[in-house]
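The structure appears right after this line, and notes come after that.
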Amino acid sequence: MSARGLDENLAPDRRRRSRGVLTTGNKAVYPGQGPCRIGPVVKRVVNARVVMFYHLTVLDDNRGDLFVPVEKARAIGVRLLMKRSEIPGLLAHLNKSAKTADTWKQRATDNLKLFTSGSPYDLAEVVASLTELGDTSSLTLGESVTLGRARRLLICEISEVMGETKAAVEEQIDYALKRQKTNEN
């Protein structure tokens, strides 16, 4: 069975409800891992049952292979990359003042939900809120790690969509975050 014949509904999130087909050669995002190239659909036997898997190759510097059951790709949150036309809105989202919970424990819970949603807008919210918090107080070790991962995933996806270097995208994100800071003053 080919990937082209498998119409997969992509993971809905509260800001973007796109549908698309995951096909070999296209790029998709796996939540928490970032942009991946979709390889062939692979047939494997699991618990005496034949299961079809998407073979995803992570495009980040760390690389790696993921095998995602075709029937669970939507529930996991695998989605196609953003469209180029969505990038300005995403960068503008970084300009908005982010709401941050008062306690580190609640922030960790909130950020985990946002992080695992797979939405680039949710990643932008994590980056904006933790960057803003880091400007006024010191972040916990966990918050620093979460901020670093969210930034990396956001940078990787924008870089893939725009065809720009990660350094250039990082500058754009930093500029958007600085604009947020100057807009508040």
So, taking the atom named CD in Gln172 and the one named CG in Leu94, what distance separates them when rounded to the nearest 0.5 Å?
10.5 Å

What verdict does the side-chain contact (heavy atoms from CB on, under 4.5 Å) test give for Leu133 and Arg107, after you've listed the backbone C-alpha separation in whole Å, the side-chain angles of each residue and the deciding distance to 0.1 Å?
CA-CA 11 Å; Leu133 180 64; Arg107 283 192 304 271; 3.3 Å; yes

When you look at Thr146 and Asn111, which way does the side-chain hydrogen bond (donor to acceptor under 3.5 Å, both in side chains) test go after all the steps?
CA-CA 8 Å; Thr146 299; Asn111 287 333; 5.9 Å; no

Are any of the side-chain heavy atoms of Ile158 and Glu86 separated by less than 4.5 Å?
no

Do the side chains of Val29 and Val78 get nearer than 4.5 Å, heavy atoms only?
no

Does this structure show an ion pair linking Glu157 with Lys83, if we count only N-O contacts that are shorter than 4.0 Å?
no

Checking side-chain contact (heavy atoms from CB on, under 4.5 Å) for the pair Arg44/Val51: CA distance, chi angles, key distance, verdict?
CA-CA 5 Å; Arg44 299 270 168 93; Val51 180; 5.5 Å; no

Between Asp135 and Lys178, is there a side-chain N and carboxylate O pair less than 4.0 Å apart?
no

If you take all heavy atoms of Ala73 and Tyr54, which pair is closest and at what distance?
CB-CE1, 3.9 Å

Separation of Glu160 CD from Asp60 CG (nearest 0.5 Å):
9.5 Å

When you compare the side chain of Leu123 with that of Leu114, does any pair of heavy atoms fall below 4.5 Å?
no

Consider only side-chain heavy atoms of I, L, V, M, F, W and Y, link residues closer than 4.5 Å, and tell whether Phe67 and Val46 are in one cluster.
yes

Quick one: do Asp65 and Leu56 satisfy side-chain contact (heavy atoms from CB on, under 4.5 Å)? Show the steps, please.
CA-CA 6 Å; Asp65 291 324; Leu56 305 178; over 6 Å; no

What one should report as the nearest heavy-atom pair of Val126 and Ala150 is CG1-CB, 3.8 Å

Between Tyr121 and His93, what is the ring plane arrangement, given parallel below 30°, perpendicular above 60°, and tilted in between?
perpendicular

For residues Ala28 and Leu22, report the shortest heavy-atom separation together with the two atoms involved.
CB-CD2, 4.1 Å

Could you tell me the separation between the CD atom of Glu170 and the CZ atom of Arg152, rounded to the nearest 0.5 Å?
12.5 Å

Note, Val70 side chain near Phe53 side chain (heavy atom, < 4.5 Å)
no

Rounded to the nearest 0.5 Å, the CG atom of Leu141 sits from the CH2 atom of Trp104 at a distance of 11.5 Å

Lys27 side chain near Leu80 side chain, heavy-atom distance below 4.5 Å
no

Do you know which two heavy atoms are closest between Met82 and Arg79, and how far apart they sit?
N-NH1, 3.9 Å

dist Thr131:OG1 -> Leu147:CG (nearest 0.5 Å) comes out at 4.5 Å

Under the ring-ring contact (aromatic ring centres under 6.0 Å, His included) rule, what pairs show up with a residue in residues 133-160, not counting sequence neighbours?
none

Carefully, step by step, assess Leu66 and Val58 under the rule side-chain contact (heavy atoms from CB on, under 4.5 Å).
CA-CA 7 Å; Leu66 303 169; Val58 180; 4.0 Å; yes

Crowded around Asp102 CG? As in, over 12 foreign heavy atoms under 6.0 Å?
no

Salt bridge Asp110-Lys105, side-chain N to carboxylate O under 4.0 Å:
no

Do you reckon Leu59 sits in the same ILVMFWY cluster as Ile87, going by side-chain contacts under 4.5 Å, direct or chained?
no

Calculate, to the nearest 0.5 Å, the distance between atoms CZ and CG belonging to Arg149 and Leu154 respectively.
13.5 Å

If you look at every heavy atom in Asp122 and Ser117, which pair is closest and at what distance?
OD2-OG, 2.6 Å

Cluster overlap Ile155 with Met162, hydrophobic side-chain contacts below 4.5 Å
yes

For Met52 and Val41 the tightest heavy-atom approach is CE-CG1, 3.4 Å

Under 3.5 Å donor-acceptor pairs involving side-chain atoms of residues 30-40, not counting sequence neighbours:
from	atom 1	to	atom 2	distance (Å)
Arg37	NH1	Gly25	O	2.9

